[in-house]
Amino acid sequence: MSANADPTPTSPPLDAAPARPSSRPAGLDEPRILREALCLDDFEELARRRLPRPIFGYVAGAAERNSSLRDNASAFAEYGFVPRTLVDVSRRSQSITLFGTRYARPFGIAPMGINALSAYRGDIVLAAGAAEADMPSIMSGSSLIPLEDVARHAPGTWFQAYLPGDVTRIDPLIDRVAQAGYRTLVLTVDIPVMANRENNLRTGFSTPLRPSLRLAWDGVSHPRWLCGTFLRTLARHGMPHFENSFASRGAPILSARVMRDFTARDHLNWEHVARIRRRWQGHLVLKGILHPVDAARAREQGVDGVIVSNHGGRQLDGAVSPLRVLPAIVEAAGGLAVMMDGGVRRGTDVLKALALGARCVFVGRPFNYAMAVAGGAGVRHAVRLLGDEVDRGMAMLGVNTLDELDAGFLAPMGAGSRAT
Ligand code: GLV
């Protein structure tokens, strides 16, 4: 659709334009540290100071040479905008509709493992923050808080599962997720084996964490994290365990010997997707699709949506950036809800992905850092920053609604034009 809507007959007088949030520094009621965060990228350095090295490294890191991680971000710089001018953009709305639900934002929070080590009750902080902002969020199955607790705090949250190709473990988890009231199940399909994450070995990170003098030092040298997140969790909830990998409780987060069960992930295949489709009554989304043929197959199997993703560069290093394959996947997906994640840090990134056909984008690490820095206030601040950027971008592109965006608003641009 074109942005060339006739602005005159129904547009309100200029002074009646709806009030909009503005990107001002954090208010007086917010933690002072948030004044240092003027854009999503700023949270990373703030979180690095707050979190013990292995935990920050786990969140920030990717796989092998970090090629996909880097390209996820730089792919956006290869598109420039071709804005429309003299359009009355005073009725801007960035709302979207996904699976019959209207959201106030075209971005959501991506699933991230062990969020509860970045902030006290991290999965709940993120899910509740997203619910408050009226945007989608996805709880990771690799998490330390029972999925039922998250659903109680934020009932619209989506659940993401890592499933083995083993029906005796698939069925009970799916039933548990349904029983807890989740309506959208996201199956991650890009993890048949564990990735080669050398950064984790270098920082001493593993799941479970192995007790050591070095780990103890990492903890005590970050007293705010130690008291505010780890000891507080231990005191109030006991030792965190992987609660949602299967229907029953898994390994503790800290143990000298216990191993997590990653068996049979390499057995997972399309037949399991067909079985899950039959058993799961809600919306089913596949996350980690990069090939148009897989998107078409997902549609044939009755899947409702796909998230084009290379797992934030954390799985197959060198896997293509989602933005680069997005248009081909949108074309192949024929009506499926196509979403994406990977490298989205600016409102302009959101708008580029939407112009290429994404219905929604997901953002991961910056929200983890934001809650590590300031809990729920950090999440609110991050949402406001990104939302304001989207709003500003829409105005300068000359659109009132996101449906108006299409590839005609984009043109090639020299790589290397990306700055923070
Ligand atoms: C979990 O999803 C991870 O990428 O570490």
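Both backbone and side-chain heavy atoms feed into the values below; hydrogens, waters and symmetry mates do not. All ligand and atom numbering here is 1-based and tracks the order in the structure.
A salt bridge between Asp134 and Arg105 is absent, with no side-chain N of the basic residue lying under 4.0 Å from a carboxylate O of the acidic one. Between Glu36 and Arg49 there is a salt bridge, with a side-chain nitrogen of the basic residue lying less than 4.0 Å from a carboxylate oxygen of the acidic one. Here Arg35 does not pair with Glu30 in a salt bridge; the nearest charged N to carboxylate O distance is not below 4.0 Å.
Side-chain polar atoms of Arg176 and Asn244 form a donor-acceptor pair below 3.5 angstrom.
By the criterion of a heavy-atom distance under 4.0 Å, the side chain of Arg197, and not its backbone, is placed next to ligand 1.
Atoms of ligand 1 lying under 4.0 Å from at least one heavy atom of Tyr58, given by number and element, are 1 (C), 3 (C), 5 (O). Residue contact check: His311 has heavy atoms under 4.0 Å from atoms 1 (C), 2 (O), 3 (C), 4 (O) of ligand 1.
Looking at atom 2 (O) of ligand 1, its nearest protein heavy atom turns out to be Tyr162 OH, 2.1 Å.
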